[in-house]
Each structure stands twice: as structure tokens, then as C-alpha cells.
Amino acid sequence: MKKYLLEIFDELSYKLTYLKETDLIFTVPAQSNHGDYSTNAAMMLARALKRKPIEIANEIVSHLQYDKSKIEKIEIAGPGFINFYFSKNFVTKIVAEIHSQGKNFGKSSKFAGKRANVEFVSANPTGPLTVGHGRNAVVGDTIANMLEWIGYNVDREYYFNNAGRQMRVLGDSVRLRYLEILGENIEFPQDYYQGEYIKDIARKIFEESGDKYKNEPEDGIFKQRAEKEIFDDIKKTMKNIGIEMNIFYNEHSLYEDGKINKLLELYKTKNLSYEKEGAVWLKLTELGNEQDKVIVKSSGEPTYRLPDIAYHITKFERGYDLIVDLFGSDHNATYPDVLAGIRVLGYDTEKIKVLIHQFVTIMSGGEVVKMSTRKANYVTLDELIDETGSDVVRYFFNMRSISSHLNFDLDVAKKQSDENPVFYLQYAHARICSIIRMAEEQNLKSSLENLKLLQKDEEQNLLKKLYEFPDEILYSTELFEPHRIANYLESLAALFHKFYTECRIIGSEKKLAEARLALIEAVKIVLRNGLSILGVSAPERM
RNA sequence: GCGCCCAUAGCUCAAUUGGAUAGAGCAACAGCCUUCUAAGCUGUAGGUUAGUGGUUCGAUUCCACUUGGGCGUACCA
């Protein structure tokens, strides 16, 4: 429907050239008595043309050439809205389109041939993924899916650091637990990793090698083993919610191939850095930021900024058209420095999209669960998946705007009941599958021959919603807002459930039953496609 | 102090780059299963969109200030 409107307006713009002055926007009005689609173009143009909106609207409508079998009625309403009413017959045509495109329905080629890199999770291997990481993981993977749907070739990338102080503390935590198992009297510092998993790793080393490593330093076997065990665990957790990274980028490699030193030299020769109090500072104030920051400590060790900048430069070197960084609000102060450091070297930072999601609050029994990795007071993502299932986890993290704090109510998530919104969608899909099975038993098959019989409100509303799907994906993706897809699917499922209660299939007149079967098959395709973007399964039975 | 994010129905949240009468789910109340899955549907009730100003044909949306919360504000990442 929208496609047709764009066509006829494009044609009209040769006659009324002022139409080219504004971006034409067609929206689905909240009120059904405002038509199927509506545009505010006349109002938008009013100021520029210094004419009355109603007058412009009248001019547009009177010059518009359109097929009366497609558009039934055009009205001008309110301060100057132009409302379009499509013919019922035309509306039904979407069913055939969905059938022919199948699992590709909703895809767009707008960004075909473009390459995107989505960096997410990026947790250092110091402990299992927590529920806190879960939001990042799920949203990142979903955004990657969405970008694929609009044509991008996407790399999913995990950036990590297995060097530095954090990892030394990790290795030493394991070492102390190991010595503890050997019966030595140890003092375990408060700021070391307190989790049980540290003891598990120490126990494994002991069981395999006895006291062989009694005198090993912390950054030898202990660190290596801890890193491997923890990383394996992280990968397993990601796999459990359907996430597969295709690039793991090690920060350490930036040192090994000299990128860090090269960058440091570059800043120096460009006179963008200076030494003070034994440290190297980047002149960020000259680049418009609030204060200069240290890039190399007086100890000679770089701060995270320098490798972060070097790392992002590799993303440009690797030729991406779009670079997406997703992280939690605790990192919100870091990215302006990194961006400034990259921009000054001539890279187009417009290609970088920084997404910041707010924190997750875990609720259990009406109480807030406080979390800290260091203190080992957390719910792991794996525990959550075990208790609720991957679908619930993915849906909960996807269903809210990332700029909102997310309340994750463990009690609701665990319930296999109508309080849990993911089942509402899956139930719609399962119901459709069930009807199709029943129909088959009665030798009833869907047909695209008599779609024009789909005239009832419940049918028409459902059909109109189906039209919106490709637009919704494109729009949601360009805004990087996965929750819109969840919202869309919920309203589609609601319209289906209404249709289900009002319109019977088995038992209806044959031609109508065939057309309705075709309709619900189309709904099934859209539900399945939408759920697959979210990474949620579409069960055949429930 | 400063920066980013947030404040919408009792609770959790939507609201198409400023649109027409602010919508869902849960909870509450009243109904609907001898017919394709009641994990569903229908109805009732629930709002000064935190507050005050401003911008304009029009503001939940944009701007300023105030209040209340989250996260930052390192020679940690």
C-alpha cells in the first residue's frame, strides 16, 4: 500500500514540483477512521510555501492520479492531513506476495553489498557471563540479525583482553585456591575473584597435576588455564542463546603486530600528545573534549584508550561501511575519547554507531538482586537460561527500548503462563500450525484464487498489519531499535487471535476456507520471520 | 559540581525522525469453551505524560529551569 502511494506521489511531483521540497512520510494513523495511511505533507509544506495547509492538500488531492480499484477514497481532514483508504480487494493482495517470498518476506536490499561489524559482549574472560551481560549479548545479536535483513553482510565480533592487571589478579586468584587445596594457609584478598568457578579451576589443575605447580607464578599455567576454562564457558553460554561470533579480536595482538606503538608514534609526530609527570597524554581538549587523558601510564603501560583507538582503526582498515559498538551505560564516558582520537586521524567516525543500553535490574520475590562479578554475587546467564529457556531470555531482553532500564522479573520469566508475553506470540504460531494440520486431515488446502473473499474487519485488519512488516524492519533497524519488532509481533499476534475467535476456517464455505488458510499461512510466515530476527523459536505445538 | 540515560494507568512498558481521541500486558472487576489449542477472546475501571515555563497550526516527543532515580566523571576496563 505504502509502495503504491510513493509511486503515485513520485509521479505527481513532476507536476507539483514543491513536493520535492519535503520528505514524504506516510504513516498508519492510530485511529482507523483516519484511513489506512495518512500524510502530513500539506502541513509540512505550509510554512515553506506560505500557504494554508488545507489549500495545499486540496491541490495535491485534485491533481493526484490513482487507480480507483486500489484506492477507494481520499479525504482531507483536521488541519490538513490527507487520508487514504484502500479498497478491500487491493488489501488482500499482500497474501500472495508473502506466499511467494516466504522466509524472505520482510527483507530489504537497501544496504545490499555493504559490510557491517557489530561488536558486542566483549567481556574479558574473568568470570562467567551474568544476566547483566545477557542484555548486551541478546541485543547485539539481534541487531546483527536485523542488519542482515536489510542487506548488510555482518560480522559479529567479540573484543577481549587477556593481558593486564585484571588477568593477573585472576591468575593469582586461581593460584591461591590451588595452594589452599594443597593445604597451605593462604590469605585470600578481598578484591580477588571470589566466585566458586575459581575453586573449580584450581581443583581441576590439582586433580590433573597434583602439587606440580606449587611454585608456579600466577601468570603462567594458572592464568592460561583460567582463561581457557572461562572462555569455553562463555562460548557455551552464548551458544545456549543462539549466538555465534565469527571474530574474536584479542587486544593483545595489537601489541604484537606493533599497531599500538605505531599509533603512539603517529600522535607524537602529529603533535597530538605530550608527556607530563612521566605519562603520555592525548590532547583531547584540542579536539573538543572536556579534558586531556592519559594514554600511556608512567609505568609504561598504555591505558585502555590507546588499544581501543588502535582497535577501532583496524575496523576501518578492514573496510566496514558500518561499525556498531554496543555497550552498557557504565562505559558511556569512554567512547567520546575514542571517537575523538580516531576522528583526528582522518577517519570518518560517522560510520561508527555507538549504542548504549541501560542496566538490567533483576527482581526476585519483589526484591532487587544486587550484583557484582568480583564479589561473586550474581545470577549467571546460564542459570537464567536453564531456568527459563533461551526463548524467554531472548524475548525479555529484546522487548524493551535499550535506553530504558530493564526490569527482569525472574518470577514472571520462570512462569510458563499467560503472564509471560513470549508465549503469546508463540501460541499464535502454534495455533496456526494446528489449524493447518487439521485442515490437511480434511483435504482442505490454501488457495490464492479467492482472496477477495477476505472482507471482514478481522481479516482486513490482519492483512493491513502484514503490509507493515517490511517497513517495520527497515525502520527499526535504521533506528537500531529491536524492541519495535517485538512490539510489532505482539500486535500482529493480537490481530490473529481476534481473527481466530471471529472467523472459522474448518466448516466455512470451501472457497472462503481456502482463502483464510492462505491468510493464516501468511501470518505464520511473518510471525516466524519476525521471531527468527529476535532469535526466538516458532514452535509448531505448545 | 559536570556528562549521558530515565520519569507515561496500581505494576512492567509502548506511542512511526512534532500529528488527529496517549495505547498494550499484568493485577482488579464482569462475561465467553458439546465446533480449528481458553497460553485465547469481549467488556468495565484506571491518566493534569514528575513539575513550571517556552517554541507553533499542534508537544509524551524539541528547548530552559526544578524535583527525583540509574550510570559515569582514573595513570581500572
Grab the [atom1]-[atom2] distance between [X] and [N] for me, whole Å please.
X        : N     : atom1 : atom2 : answer
A:Lys50  : B:C57 : NZ    : C1'   : 17 Å
A:Gln31  : B:U21 : CD    : C1'   : 5 Å
A:Asn124 : B:C76 : CG    : C1'   : 11 Å
A:Asp36  : B:U16 : CG    : P     : 19 Å
A:Phe359 : B:U12 : CZ    : C1'   : 20 Å
A:Leu24  : B:U17 : CG    : P     : 14 Å
A:Glu502 : B:C33 : CD    : P     : 14 Å
A:His405 : B:C11 : NE2   : C1'   : 17 Å

Exercise. Roughly how far, to the nearest 0.5 Å, is CZ of A:Arg504 from CD1 of A:Ile506?
Worked result: 7.5 Å

Examine [N]: is either OP1 or OP2 under 4.0 Å from a nitrogen or oxygen in the side chain of [X]? Give yes or no.
X        : N     : result
A:Ser403 : B:C6  : yes
A:His483 : B:A15 : yes
A:Tyr159 : B:A77 : no
A:Arg484 : B:A15 : yes
A:Lys498 : B:U42 : yes
A:Lys293 : B:U73 : no
A:Ser404 : B:A14 : yes
A:Thr501 : B:C41 : no
A:Asn40  : B:G18 : no

Problem set entry | Donor/acceptor link under 3.5 angstrom from A:Glu277 side chain onto base of B:C75 |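 Yes.
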
Problem set entry | No-H, no-angle donor-acceptor pair, A:Ser38 side chain to B:A20 base, under 3.5 Å | yes

Exercise. Can you say whether the rings of A:Tyr311 and A:Tyr249 are parallel (under 30°), tilted (30 to 60°) or perpendicular (over 60°)?
Worked result: tilted

Exercise. How are the rings of A:His331 and A:Phe327 set relative to one another: parallel (under 30°), tilted (30 to 60°) or perpendicular (over 60°)?
Worked result: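 Plane angle between 30° and 60°, so tilted.
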
Problem set entry | Side chains of A:Leu453 and A:Lys511 in contact at under 4.5 Å (non-hydrogen atoms) | yes

Problem set entry | 4.5 Å side-chain heavy-atom contact, A:Leu512 and A:Lys510 |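 No - every pair of side-chain heavy atoms lies 4.5 Å or more apart.
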
Could you give the distance separating [M] and [N] at their [atom1] atoms, to the nearest angstrom?
N     : M     : atom1 : result
B:A14 : B:U8  : P     : 10 Å
B:U66 : B:C11 : P     : 27 Å
B:A15 : B:A24 : C1'   : 10 Å
B:U48 : B:A22 : C1'   : 13 Å
B:U17 : B:U21 : C1'   : 24 Å
B:U67 : B:C29 : P     : 41 Å
B:U52 : B:C75 : C1'   : 45 Å

For this session: Map A:Arg541 and A:Ile356 onto RNA chain B by nearest heavy atom, then report which one ends up closer to the 5' terminus.
Result: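 Whichever sits nearer the 5' end wins; that is A:Ile356.
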
Seminar exercise, completed: Those stems involving RNA chain B that have three or more consecutive Watson-Crick or G-U pairs, both distances under 3.5 Å, are B:1-7 with B:67-73, B:10-13 with B:23-26, B:28-32 with B:40-44, B:50-54 with B:62-66

Exercise. Does a donor on one side chain and an acceptor on the other come within less than 3.5 Å for A:Asp172 and A:Tyr192?
Worked result: yes

Exercise. Quick one: is the NZ or CZ of A:Arg484 closer than 6.0 Å to the six-membered ring centre of A:Tyr475, and within 45° of its axis?
Worked result: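 So A:Arg484 doesn't make the cation-pi contact.
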
Exercise. Is the shortest side-chain N to carboxylate O distance from A:Glu59 to A:Arg51 below 4.0 Å?
Worked result: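 Counted as a salt bridge, because a side-chain N and a carboxylate O are separated by less than 4.0 Å.
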
Exercise. Is the distance between the ring centroids of A:Phe396 and A:Phe408 less than 6.0 Å?
Worked result: yes

